[in-house]
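Structure first, commentary second.
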Amino acid sequence: MSFEIFNLSLELKKALEKNSYKEATPIQKEVIPLIKSKHDILAQAQTGSGKTASFVIPILELLKEEKSTKKAKIKVLVLAPTRELTLQITETFSNMSQFFEKKPSIVSVIGGESIGDQLLKIQKGCDIVVATSGRLLDIIDKKQMDLSNLQYFVLDEADKMLDLGFAQELDTILEIIPKNRQNLLFSATYSKKVIDIASKITTTATKVKIESKTTHVENIEQRAIFVNKENRNALLKHLIKQYKFKSVLVFVSTKRATENISYKFRKSGYLAESFHGDLTQEERVYTLEEFKNKKLNILFSTDIASRGLHIDDIDCVINFDLPRSTEDYIHRIGRTARAGKTGVAISFLDNDNLAHFKLIEKRYKLDIPKEQIEGFDFTLEKVKKQKGPMPVKGKRKSKKDKLREQGLK
Ligand code: AMP
């Protein structure tokens, strides 16, 4: 469906054209008219569905219709779980408003960057604040932000916020923003916790659900290759050479492993870097830019990159280690085949992780052929039946239990 039906202003149409947005995605089709006609919404949508533009476009359109004041007042507050997502939302706002005669002023409020610069921009007057909650609260504590004119409150990737123990921070924010506002919530899933949070924010929202979880997963060729752990580096090099991959995102389970492997690949002449939560904000931004501009061909990352990152043209996502949570599998592979393109996602399997991979397949009704590659011999062991009860996640055996098992107690 083309964007024509939304009756958007000329300036927005020009921005859509410049960004080659020709057809509205399903979430945009549903959400844009609802926001334009001032509804609160609870939308269930994945990253990669076009959800950012689905709120940015109508908010900008509504802002345009308002009379401008001499000094800009904060009318829009968007909360997002990570710094990267925050910066991407900010970019979408400025990108979409690039042809406005009076461009809205947009500030990213995130940790890891100078608070002074952010305060300065806020004091000068801004229309839109896109923030992570920690830094936002620091600024609120300093009484340096006037949110009394707020009209639009957006919570993006609400399910991701729960991991960060966000409920209390939200209470503080809700106390100081006007009660009369439009609320827009986006979440990939609606667990009880997300619904609890949503109910604090709005009770009158229209619910929008974009059915297919795997909207663009259809464009991803999913493969699974057996390889012994010690041969994974060699297999990765083999695949990169065979398929001439120019942009590969490799998921590894620990920060340290991303550092070690990227170091080894650099030593072998690859343009590789690591990406994880211990990097400074500057390092993160710089590394992502280099990866986007193809100055880096391989990015070894923890799951920090599995959600919300827009990097077009990633040829291949590799699950060097499988994700712990089955849900992260879909988020990870969704980093490739973005915006209608195709891509490949390859999972490295061995005797230890095969059962876990089968769980992922079961959850998403997948049946991915298990391959072996010539030159990478692998012996598949019979899946051993576990004796006794399954170990409970997060519950370690006590010394007493271990002794008991050995018959020593
Ligand atoms: P999101 O779901 O917000 O993470 O967006 C995913 C990607 O799709 C981003 O790179 C957007 O720039 C792109 N995108 C969003 N909407 C459209 C559209 N209607 N046409 C083409 N690309 C789009």
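Since the model is a prediction, treat every value here as computed from it, not as a measurement. Quick note: residue numbers are just sequence positions, from 1. Just follow the structure's listing: the first ligand is 1, and inside any ligand the first atom is 1.
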Would you mind listing which atoms of ligand 1 come within a distance below 4.0 Å of any non-hydrogen atom of [X]?
X	value
Gly50	1 (P), 2 (O), 3 (O), 5 (O), 15 (C), 16 (N)
Glu23	18 (C), 19 (N), 20 (N)
Phe3	19 (N)

Check your understanding: Heavy atoms only: which of Ile57, Val56, Asn19, Thr52 is nearest to atom 3 (O) of ligand 1?
Key ->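 Closest candidate by heavy-atom distance is Thr52.
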
Check your understanding: Hey, are His39 and Gln182 close enough side-chain-wise for a donor-acceptor pair under 3.5 Å?
Key ->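 No, because no side-chain N or O of Gln182 sits under 3.5 Å from a partner of the opposite role on His39.
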
Check your understanding: ligand 1 versus Phe186, non-hydrogen atoms closer than 4.0 Å: side chain, backbone, both, neither?
Key ->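 The answer is neither; Phe186 stays 4.0 Å or more away.
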
**Study point:** ligand 1 versus Gln28: contacting region, heavy-atom distance under 4.0 Å
**Key:**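 Within the 4.0 Å criterion, Gln28 contacts ligand 1 through side-chain atoms alone.
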
Point to revise | Least distance between heavy atoms, Asp352 atom then Lys229 atom | key: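 Scanning both residues, the minimum pair turns out to be OD2-NZ, 3.1 Å.
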
Practice item. Of all the heavy-atom pairs spanning Leu354 and Leu380, show the shortest one and how long it is. Key: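 Leu354 and Leu380 have their closest heavy atoms at CD2-CD1, 3.9 Å.
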
Check your understanding: Do any N/O atoms on Ser20 end up under 3.5 angstrom from N/O atoms on ligand 1?
Key ->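 There is no such contact.
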
Practice item. Give yes or no for whether the N/O distance cutoff of 3.5 Å, strictly under, is met between Ala24 and ligand 1. Key: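 No - when backbone and side-chain N and O of Ala24 are compared with those of ligand 1, no distance drops under 3.5 Å.
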
Check your understanding: Among Phe265, Phe291, Tyr263, which one satisfies ring-ring contact (aromatic ring centres under 6.0 Å, His included) with Phe300?
Key ->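 Exactly one option meets the ring-ring contact (aromatic ring centres under 6.0 Å, His included) with Phe300, and it is Phe265.
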
Exercise for review: Applying salt bridge (charged side-chain N to carboxylate O under 4.0 Å, His left out), run through Asp127 and Lys73 and close with a yes or a no.
Suggested key: CA-CA 5 Å; Asp127 304 274; Lys73 292 178 174 150; over 6 Å; no

Check your understanding: Can you check whether Gln168's main-chain N or O pairs, donor with acceptor, with Thr172's side chain at less than 3.5 Å?
Key ->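 A pair under 3.5 Å: yes.
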
